[in-house]
Colleague: 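One structure, as structure tokens, below. Some questions next.
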Amino acid sequence: MSTFWDSFTMPPVRRHYVNKIDFFIFSYSLASYIVKALDQNNFSNAFVSGMQTDLKLYGQQRNLFTTLFNMGYLTGSVPNQIIINRIRPSIWIPICEIMWGILTMSIAATHSANAIYGIRFVCGFFESATFPSFSLILGSWYTPSELGKRISLFEFSSSAAGMFSGYIMAGLYATMNGTRGIPAWRWMFIIDGIITIPIGSMGFFFLPDFPTSSRAMWMKPWEREYGIRRMAAIGRKPQQKLTLNRLRKLFLGPTLWASFIPYSANWWLNYTSFFNLWLKSLTHPKLTTEQVNTIPTAGNALAVISAYVWPTISDKTQWRWQFGVLSSVFGLVGSILLSVWYLPFGVLMFAQLLPNAGASGQSLLIAWMQESFQDDTELRSMITGFGNVINYAMNAWLPLVCYPTYMAPHYKAGYQTSAALYALHIVSIFLFRYYIRWYHTHNNMVMNKYGLPTKWDEISDEPNSEGVVVMRDVDYESHGKEKEGAKVTVI
């Protein structure tokens, strides 16, 4: 059973604790990211399901919608990481989610591209709080044997959302197109808002902030203490106040600049988002609108499987960067095949789907970075925030140049550029390994028994001391055999 989900075979206290934070933190992060992904996927599906013809969007508007969203995301990524250092994530993240739910719903009332441009920019700003913040929160509550699977499933809950989006759009197109005089694509945005706003509101209760600052009503005092000691046992440092001087040092230091290429170069020009345009262009076979919306969900399903299988192996073996390399190998092979282009239909379909088989690679690279720099919470936060800034900055213009709408579906230069970026990503991962080793040496860090970097003077001389604490002032009577003052293995 532990192969399916690790908490099944944990000791009683640890199982109780991990199941509880799974229910509140992990489940809310999944729900939040799913509705975020629904917004983005639904926009693409709505475009090919009537939005383009109703609003007469026959130029570069589709790419510009994405560009404006990316610019908003780019603008908000780092500021939102600074904000959650000053305002509790349990307050700021739900506010952001409610705001983008309202904005997404308002697209249903638009009648011009110009109005949508503004909405997409502001949506991008609020949505930029989600991914870096949840990556940091998950990395602050889970140990190495738990983190990889959860952070990967969190990231690729977006693929599950992509599956739902295609079927929702197909169902709306078949059953609600024209209901109350409203076309199906407008109903899609209305439903998005109806789903998003209640889930955003749940965050005020579900999110517990960080182990050392949590005020969650659902967490008992002994559970708070247990969570703090659990992270201390593996050497993970608590959050500190992010001052202007500290922020300046982070951006003038080498780590952020060394990390951004291995963090996201494989996503700067990900061609899978153009899959439905290729399907729409086919004449042999000619596909219906419903098929154009549903066939890409096969890629989403493959990504979800990848998000479970590779991280499960990763958590057991502690292989992180290796799966980042594997992910880019899949993308490299697929983009080379599409660059050739004049291949049988089945080969092109395979090439379109192949990157999804390595979809969990980036999330495992994020876990690798969260663990490699566990001595510095603010640095971990900024690596994700800054990496997303670069990611969305590149996505703001690269698709316009390499994947212009008028060239659909044969983007020869685009596929060749994607291949080059996948190759760059592979090389950068190997180089970043050497940087991490230098960082640990420079900061007098050694590997503890869990394979995590810890300052040498913080490791106890007592044998078998790591991961074991004495839980005082705790009554475990209601949870099992443990008594007050019992020695408990924390992780």
Colleague: Using the salt bridge (charged side-chain N to carboxylate O under 4.0 Å, His left out) criterion, which residues pair with Arg236? Sequence neighbours excluded.
Modeller: none

Colleague: Please list all pairs meeting salt bridge (charged side-chain N to carboxylate O under 4.0 Å, His left out) that have one or both residues in residues 21-30, counting only residues at least two apart or in different chains.
Modeller: Asp22-Arg150

Colleague: For residues 188-208, please give each side-chain donor-acceptor pair under 3.5 Å, one per line with the distance, not counting sequence neighbours.
Modeller:
{"from": "Asp192", "atom 1": "OD1", "to": "Asn42", "atom 2": "ND2", "distance (Å)": "2.5"}
{"from": "Asp192", "atom 1": "OD2", "to": "Asn42", "atom 2": "ND2", "distance (Å)": "3.1"}
{"from": "Thr196", "atom 1": "OG1", "to": "Asp192", "atom 2": "O", "distance (Å)": "2.8"}
{"from": "Ser201", "atom 1": "OG", "to": "Ile197", "atom 2": "O", "distance (Å)": "3.0"}

Colleague: What pair of heavy atoms forms the shortest contact from Ala357 to Trp310, and how long is it?
Modeller: O-NE1, 2.8 Å

Colleague: Not counting sequence neighbours, list each pair that qualifies as a salt bridge (charged side-chain N to carboxylate O under 4.0 Å, His left out) and has a residue in residues 110-119.
Modeller: none

Colleague: Tell me whether the centres of the aromatic rings in Phe432 and Tyr435 are closer together than 6.0 Å.
Modeller: yes

Colleague: Check whether the side chains of Thr143 and Glu146 place a donor and an acceptor atom closer than 3.5 Å, and report yes or no.
Modeller: yes

Colleague: If you look at every heavy atom in Asn85 and Glu378, which pair is closest and at what distance?
Modeller: ND2-OE2, 4.0 Å

Colleague: Determine the minimum heavy-atom distance between Ala298 and Leu353, stating which atoms define it.
Modeller: C-CD2, 4.2 Å

Colleague: Taking Ser306 for its side chain and Leu302 for its backbone only, find out whether a donor-acceptor pair lies under 3.5 Å.
Modeller: no

Colleague: Any side-chain heavy-atom pair from Met382 and Leu247 closer than 4.5 angstrom?
Modeller: yes

Colleague: Can you tell me how far the CG atom of Leu365 sits from the OG atom of Ser259, to the nearest 0.5 Å?
Modeller: 11.0 Å

Colleague: Measure up the Trp321 and Trp368 rings against each other and bin them: parallel (under 30°), tilted (30 to 60°), perpendicular (over 60°).
Modeller: tilted

Colleague: Compare every heavy atom of Leu332 with every heavy atom of Ala419, then report the nearest pair and how far apart it is.
Modeller: O-CD1, 3.2 Å

Colleague: So, using salt bridge (charged side-chain N to carboxylate O under 4.0 Å, His left out) as the criterion, who are the partners of Asp376 when residues are at least two apart?
Modeller: Arg246

Colleague: Taking salt bridge (charged side-chain N to carboxylate O under 4.0 Å, His left out) as the definition, give me every residue that meets it alongside Glu97, ordered by chain and number, with sequence neighbours left out.
Modeller: none

Colleague: Regarding Ser418 and Tyr403, do their side chains bring together a donor and an acceptor under 3.5 Å, going by distance alone?
Modeller: yes

Colleague: So, does Ser264 use its side chain to make a donor-acceptor pair with the main chain of Trp267 at under 3.5 Å?
Modeller: no

Colleague: According to salt bridge (charged side-chain N to carboxylate O under 4.0 Å, His left out), does anything in residues 110-126 pair up with another residue at least two apart or in another chain? List the pairs.
Modeller: Asp39-Arg120

Colleague: Can you classify the ring geometry of Tyr33 versus Phe154 as parallel (below 30°), tilted (30 to 60°) or perpendicular (above 60°)?
Modeller: tilted

Colleague: Working to the nearest 0.5 angstrom, can you tell me the gap between Leu64 CG and Tyr117 OH?
Modeller: 4.5 Å

Colleague: Which residues pass the salt bridge (charged side-chain N to carboxylate O under 4.0 Å, His left out) test with Arg320, sequence neighbours left out?
Modeller: Asp315, Glu371

Colleague: Can you classify the ring geometry of Phe386 versus Phe260 as parallel (below 30°), tilted (30 to 60°) or perpendicular (above 60°)?
Modeller: perpendicular

Colleague: How long is the span from the CD atom in Gln352 to the OG atom in Ser335, to the nearest 0.5 Å?
Modeller: 11.0 Å

Colleague: Where do Phe125 and Asn80 come nearest, in terms of heavy atoms and distance?
Modeller: O-ND2, 3.1 Å

Colleague: Under the side chain to side chain contact (heavy atoms under 4.5 Å, CB included) rule, collect the residues that match up with Ser152, sequence neighbours excluded.
Modeller: Phe156, Ala307, Pro311, Ser360, Ser363

Colleague: For residues 202-216, which residue pairs qualify under side-chain hydrogen bond (donor to acceptor under 3.5 Å, both in side chains), counting only residues two or more places apart or in two chains?
Modeller: Arg88-Asp209, Ser90-Asp209

Colleague: Which pairs pass ring-ring contact (aromatic ring centres under 6.0 Å, His included) with one or both residues in residues 70-95, sequence neighbours excluded?
Modeller: Tyr73-Tyr392

Colleague: According to the salt bridge (charged side-chain N to carboxylate O under 4.0 Å, His left out) rule, which pairs have a member within residues 298-312, sequence neighbours left out?
Modeller: none

Colleague: Just checking Phe69 against Phe121, ring centres under 6.0 Å apart?
Modeller: no

Colleague: To the nearest 0.5 Å, tell me how far Leu398 CG sits from Thr67 OG1.
Modeller: 10.0 Å

Colleague: I need the minimum non-hydrogen distance between Arg186 and Ala109, along with the two atoms involved.
Modeller: NH1-C, 3.9 Å

